[in-house]
K.L.:
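The structure under discussion is supplied below as structure tokens; questions concerning it will follow.
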Amino acid sequence: MNAPDPGLVAATERSAERVSRQHEVVRALSALLPAHALLWQTEDTVPYECDGLTAYRERPLVVALPETEAQVAAVLKACHALQVPVVARGAGTGLSGGAMPHALGVTLSLAKFNKIVQIDRQARTATVQCGVRNLAISEAAAPYGLYYAPDPSSQIACTIGGNVAENSGGVHCLKYGLTLHNVLRVRGLTVEGEPVEFGGLALDTPGLDLLPLIVGSEGMLAVTLEVTVKLVPKPQLARCIMASFDDVRQAGDAVAAIIAAGIIPAGLEMMDKPMTAAVEDYVHAGYDLNAAAILLCESDGTPEEVAEEIDRMLDVLSGAGATRMEVSKDEKQRLTFWSGRKNAFPASGRISPDYMCMDSTIPRKRLADILLAIAEMEKKYGLKCCNVFHAGDGNLHPLILFDANDPDQLHRCELFGADILETSVAMGGTVTGEHGVGVEKLSSMCVQFSPEEREQMFAVKRAFDRDGLLNPGKVIPTLQRCAEYGKMHVRKGLLPFPELERF
């Protein structure tokens with residue numbers, strides 16, 4: 001008689017454990033939530049199996065959709081008592097797998113927390129629930145001549161809670177800062193369901209300043225429910241320069257030259273030729289298809305300030321070798337220039353079955369170096385890559401084009417992505433800028449941070465979440481994973497993720 005297949009036995013045992021655990025969790029949460037706010041059937045939970053990083057998927061055990069803060073607290077308390085992992089989810093637009101579910105855990109959807117609590121015109125603040133869309137804040141503040149500055153490309157859909165989790169930026173973050181620089185207060189719940197608040201409405205708050213710790217913590221330390229953000233006056237005027245370069249090194253050097261001249265543009269973005277072609281075919285923004293790279297340089301403020309800054313930037317760009325420069329004539333043309341940059345991701349989706357958007361940061365002076373390195377990687381891995389950068393602060397967004405239905409292409413895409421991240425670190429940068437680590441960059445974290453540094457990160461995690469139940473297996477790689485990665489370097493994306501367990 002043949003011995004049973006060990007793999008089949010293990011799979012059967014995992015399936016049995018999942019079913020048993022699911023029944024236990026459903027029984028507990030059914031007493032806390034209305035029937036329509038609890039999903040566990042396969043057809044209901046499949047839509048939650050990934051975020052914007054669709055290459056990696058996991059079906060959650062249960063999806064909870066609470067409608068009140070009391071319900072959120074009750075769910076957290078029940079899960080903590082059962083020692084069930086919890087993954088908080090906003091709009092699911094993240095690009096690093098930060099909201100990928102735990103196979104034996106609860107996905108806590110906060111989509112119903114979408115109310116704007118208050119717009120304070122005098123204090124120039126907005127207090128909103130975590131599920132409010134980024135753009136909705138500016139829409140609500142517009143009647144008062146105010147807006148919320150951080151503007152990720154996904155701002156029409158992404159939520160402020162997700163922005164806090166990832167410390168999101170946007171095309172205007174060079175002048176106005178990231179989410180961290182525009183948030184005053186975050187209110188939420190601990191893993192045990194207890195109220196917690198970070199920051200405040202005053203200039204300073206008593207005790208340790210933990211607001212910078214929660215912003216960018218990727219849902220690992222607390223569950224965000226409400227956020228108070230800064231609002232800024234809408235500028236009287238904004239104009240944008242579209243500058244073409246026939247050499248990527250000249251374009252990269254032009255970015256550094258603008259900053260060196262003491263100019264801080266409202267936005268300073270860069271796109272390479274493949275990205276420009278993809279975008280122009282999609283939105284018809286009037287981009288120069290012959291340019292090796294184009295820069296979008298924006299100035300905002302009073303008419304006098306804008307006129308002076310535009311003239312100064314034109315001088316710098318001309319001296320840096322720009323072959324063509326066009327200044328927006330009116331607001332419609334300015335928005336048209338930016339429409340291409342804002343639609344870079346969907347434009348890439350039109351020309352490839354799938355893409356993986358990387359997110360690293362390098363010193364501005366190395367922009368040309370990384371573009372040239374990526375061009376060599378395209379040959380090495382046999383895949384195309386379109387590049388769009390927040391050039392002003394060195395934040396890269398290379399989009400690797402591939403077909404997820406081809407396992408070999410996915411594997412080469414993972415290798416390509418790891419190479420970009422680790423080359424960025426070698427150039428003096430970091431593996432992430434605004435998309436977070438999630439599960440996507442776990443292995444590359446092993447390259448940037450030492451075992452001692454990673455242990456310090458785990459110590460912070462334990463201080464907030466001793467049992468490792470909030471979004472486990474994300475952001476901080478285990479010693480075991482880093483040891484395996486060191487042996488197989490540069491093999492990236494080892495799946496299934498061994499860290500989707502408690503540390």
Side-chain angles (χ1 to χ4, degrees), residues 10-33 37-42 44-45 48-49 56-66 68-89 97-110 165 188-196 214 217-225 437-439 442 454-455 457-481 496-503:
T12 302
E13 290 175 349
R14 286 196 299 271
S15 179
E17 180 188 8
R18 178 183 173 86
V19 170
S20 174
R21 196 62 162 159
Q22 185 181 59
H23 288 167
E24 182 181 26
V25 174
V26 169
R27 280 196 303 270
L29 299 189
S30 293
L32 307 174
L33 298 173
L38 192 61
L39 309 176
W40 71 90
Q41 300 292 350
T42 300
D44 295 325
T45 58
Y48 296 87
E49 66 182 3
Y56 307 139
R57 300 168 184 263
E58 183 65 75
R59 189 160 55 88
L61 199 66
V62 173
V63 177
L65 297 100
T68 67
E69 292 189 10
Q71 289 177 354
V72 179
V75 168
L76 287 170
K77 289 176 181 178
C79 289
H80 189 261
L82 293 171
Q83 290 290 282
V84 172
V86 176
V87 178
R89 178 187 174 96
M100 191 175 83
H102 191 289
L104 295 176
V106 170
T107 290
L108 180 63
S109 173
L110 298 165
L189 296 168
T190 67
V191 66
E192 296 94 350
E194 298 299 324
V196 64
I214 198 68
S217 61
E218 302 192 38
M220 295 182 66
L221 306 182
V223 174
T224 296
L225 292 178
V437 175
V439 294
L442 273 172
R454 296 195 304 272
E455 174 51 34
M457 296 178 192
F458 275 126
V460 173
K461 168 71 169 168
R462 286 191 292 268
F464 283 84
D465 178 16
R466 183 185 60 189
D467 299 320
L469 295 174
L470 277 183
N471 213 11
K474 314 284 177 65
V475 184
I476 316 169
T478 61
L479 183 63
Q480 176 187 352
R481 184 184 185 92
F497 295 98
E499 283 77 20
L500 293 188
E501 304 168 357
R502 296 174 208 161
F503 55 79

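Since the model is a prediction, treat every value here as computed from it, not as a measurement.
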K.L.:
Taking all non-hydrogen atoms of both residues, which atom of L32 and which atom of A74 are closest, and how far apart?
P.N.:
CD1-O, 3.4 Å
K.L.:
Closest approach of L104 and R18, non-hydrogen atoms and distance?
P.N.:
CD2-CA, 3.7 Å
K.L.:
Kindly write out the residues that satisfy salt bridge (charged side-chain N to carboxylate O under 4.0 Å, His left out) with R59, not counting sequence neighbours, or none if the list is empty.
P.N.:
none
K.L.:
Would you name the heavy atoms of V87 and H102 that are closest together and state the gap between them?
P.N.:
CG2-N, 4.0 Å
K.L.:
Look only at the side chain of N471 and the backbone of G98, and say whether a donor-acceptor pair between them is shorter than 3.5 Å.
P.N.:
yes
K.L.:
Considering only heavy atoms from C-beta outward, does the side chain of V86 approach that of V191 to under 4.5 Å?
P.N.:
no
K.L.:
Can you tell me how far CZ of R481 sits from CD1 of I476, rounded to the nearest 0.5 angstrom?
P.N.:
13.5 Å
K.L.:
Please step through side-chain contact (heavy atoms from CB on, under 4.5 Å) for the pair L479 and E455, ending with a clear verdict.
P.N.:
CA-CA 9 Å; L479 183 63; E455 174 51 34; over 6 Å; no
K.L.:
Go through L39 and Y48 one step at a time and tell me if the side-chain contact (heavy atoms from CB on, under 4.5 Å) criterion holds.
P.N.:
CA-CA 10 Å; L39 309 176; Y48 296 87; 3.9 Å; yes
K.L.:
So which heavy atom on A73 is nearest to which on G193, and how close?
P.N.:
CB-O, 3.7 Å
K.L.:
Should L76 and C79 be marked as a side-chain contact (heavy atoms from CB on, under 4.5 Å) after you check the CA-CA gap, both sets of side-chain angles, and the distance that decides it?
P.N.:
CA-CA 5 Å; L76 287 170; C79 289; 5.8 Å; no
K.L.:
Answer yes or no: is there a donor N or O on one side and an acceptor on the other, between the side chain of S30 and the main chain of V26, under 3.5 Å?
P.N.:
yes
K.L.:
Is K474 reaching over with its side chain to a backbone N or O of M220, donor-acceptor style, under 3.5 angstrom?
P.N.:
no
K.L.:
If you take all heavy atoms of A64 and V106, which pair is closest and at what distance?
P.N.:
CB-CG1, 4.1 Å
K.L.:
Do T190 and E192 have a side chain donor and acceptor closer than 3.5 Å?
P.N.:
yes
K.L.:
Flag the pair L189 / L225 as yes when at least one side-chain heavy-atom distance between them is below 4.5 Å, and no otherwise.
P.N.:
yes
K.L.:
Would you say Q22's side chain and W40's backbone share a donor-acceptor pair under 3.5 angstrom?
P.N.:
yes
K.L.:
Residues two or more places apart in sequence or in another chain: which of them pass side chain to side chain donor-acceptor pair (under 3.5 Å) with E69?
P.N.:
R187
K.L.:
Testing V62, V63, L61 for side-chain contact (heavy atoms from CB on, under 4.5 Å) with T45, which one passes?
P.N.:
V63
K.L.:
Within the side chain of K461, is there an N or O that forms a donor-acceptor pair under 3.5 Å with the backbone of L470?
P.N.:
yes
K.L.:
If you compare all heavy atoms of D465 against all heavy atoms of L469, which two are closest, and at what distance to 0.1 Å?
P.N.:
OD2-N, 2.9 Å
K.L.:
Go through it in stages, so that I can follow the logic: the residues are T224 and L110, the test is side-chain contact (heavy atoms from CB on, under 4.5 Å), and I'd like the CA-CA distance, side-chain angles, deciding distance and then a yes or no.
P.N.:
CA-CA 9 Å; T224 296; L110 298 165; over 6 Å; no
